[in-house]
Each structure stands twice: as C-alpha cells, then as structure tokens.
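One structure is given below, encoded as structure tokens.
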Amino acid sequence: MTRAAETANGHDPEGALVRRPRASRLPPGLTPRGLTREQAALYCGCETVEAFDSWVRRGIVPGPIRGTHRWDRKAIDHALDRRSGLIARGEPDIDAWLAEHAS
C-alpha cells in the first residue's frame with residue numbers, strides 16, 4: 001500500500017492512527033464557523049497573524065468568542081460589512097449585540 005493510501009485510510013506507514021483536523025471532516029465547501037486565529041487571519045485576507053491581531057486591537061474585527069480561542073466567521077463578516085459601509089448606520093453593531101446578549 002502506498003503512503004498516500006495508508007494516510008488516506010487513517011493510519012501512517014507504521015500503522016499508527018493519524019488524527020485529522022476536524023475541519024477536514026466537514027462536507028466539501030462548508031467553512032467552519034468557529035475559526036482558529038490563523039484561519040481568521042487568512043479569512044480576513046491578512047498576510048500574517050500579527051496583522052490580524054492589529055485589526056483586533058484596532059476594533060476592525062472582533063476578538064475571539066468569549067471563553068474560547070475561536071473567532072466567529074459571521075461576526076467577522078458583520079464587522080467588515082459595517083466597516084465597509086455595507087450595513088446601514090442604524091443597524092446594531094456587533095458590540096451592541098454582544099452587550100445585549102451577554103450572559
């Protein structure tokens with residue numbers, strides 16, 4: 001069996017189980033909603049995670065979901081839509097929504 005075939009069946013060449021990231025278990029074309037810092041940076045088009053961290057510090061995009069190390073893809077979309085002028089000023093921003101729905 002080839003190395004590719006062994007890895008494809010879930011085992012490395014020595015027979016140990018290969019753990020795949022959960023995102024690889026999603027159906028093709030489905031993007032996870034909870035993104036890692038690296039994924040969120042790429043999603044935003046930032047070339048480095050440091051550039052993404054700067055966006056978070058400057059309030060361009062929200063920080064991670066409270067109590068996690070994951071960024072909400074929809075919250076990022078909303079923040080960028082608002083920043084780009086795609087959302088009318090009268091609509092609540094993500095910070096107002098979070099304050100209203102805080103537990």
Side-chain angles (χ1 to χ4, degrees):
M1 187 179 300
T2 67
R3 182 179 177 107
E6 289 169 333
T7 302
N9 75 11
H11 294 83
D12 70 12
E14 287 76 42
L17 183 63
V18 175
R19 295 197 140 231
R20 290 188 180 81
R22 290 183 185 177
S24 68
R25 297 182 199 151
L26 291 172
L30 185 61
T31 304
R33 182 158 171 186
L35 304 174
T36 65
R37 181 172 163 239
E38 292 80 10
Q39 290 170 328
L42 289 170
Y43 184 75
C44 289
C46 294
E47 293 189 22
T48 65
V49 291
E50 291 78 17
F52 177 72
D53 291 344
S54 173
W55 280 26
V56 172
R57 280 191 306 276
R58 292 168 37 209
I60 296 171
V61 294
I65 300 166
R66 193 172 300 155
T68 74
H69 296 285
R70 298 287 174 156
W71 275 257
D72 186 326
R73 181 175 41 85
K74 289 186 178 187
I76 290 171
D77 287 341
H78 184 83
L80 293 177
D81 286 350
R82 197 177 105 243
R83 188 86 172 186
S84 299
L86 296 175
I87 294 178
R89 291 242 180 240
E91 293 185 47
D93 65 12
I94 190 65
D95 295 322
W97 186 91
L98 287 171
E100 182 180 320
H101 293 86
S103 47

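- Follow the hydrophobic side-chain contacts under 4.5 Å out from Trp55 and you never reach Ile65; the two are in separate clusters.
- Between Phe52 and Trp71, the distance separating the two ring centers is shorter than 6.0 angstrom.
- What you find for Ala41 and Thr48 is that their closest heavy atoms are CB-O, 4.1 Å.
- The hydrophobic clustering, which links ILVMFWY residues whose side-chain heavy atoms are closer than 4.5 Å, places Val56 and Leu80 together.
- Here the closest heavy-atom approach between residue Ile76 and residue Cys44 is recorded as CG2-SG, 3.5 Å.
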Working for side chain to side chain contact (heavy atoms under 4.5 Å, CB included), residues Arg37 and Asp53: CA-CA 9 Å; Arg37 181 172 163 239; Asp53 291 344; 2.4 Å; yes

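- Atoms CG and CD1, on Asp77 and Ile87 in that order, are 9.0 Å from each other to the nearest 0.5 Å.
- Taking 4.5 Å as the limit, every side-chain heavy atom of Arg70 sits out of range of all side-chain heavy atoms of Leu35.
- Minimum heavy-atom separation, Pro64 to Thr68: CB-O, 3.7 Å.
- In terms of modelled atom types and a separation under 3.5 Å, the side chain of Arg73 and the main chain of Pro32 share a donor-acceptor contact.
- The side-chain heavy atoms of Asp72 and Arg33, taken from C-beta on, include a pair separated by under 4.5 Å.
- Across all their heavy atoms, Glu50 and Arg57 have their closest contact at O-NH2, 4.5 Å.
- The heavy-atom pair separating Ile60 from Ala79 by the smallest distance is O-CB, 3.5 Å.
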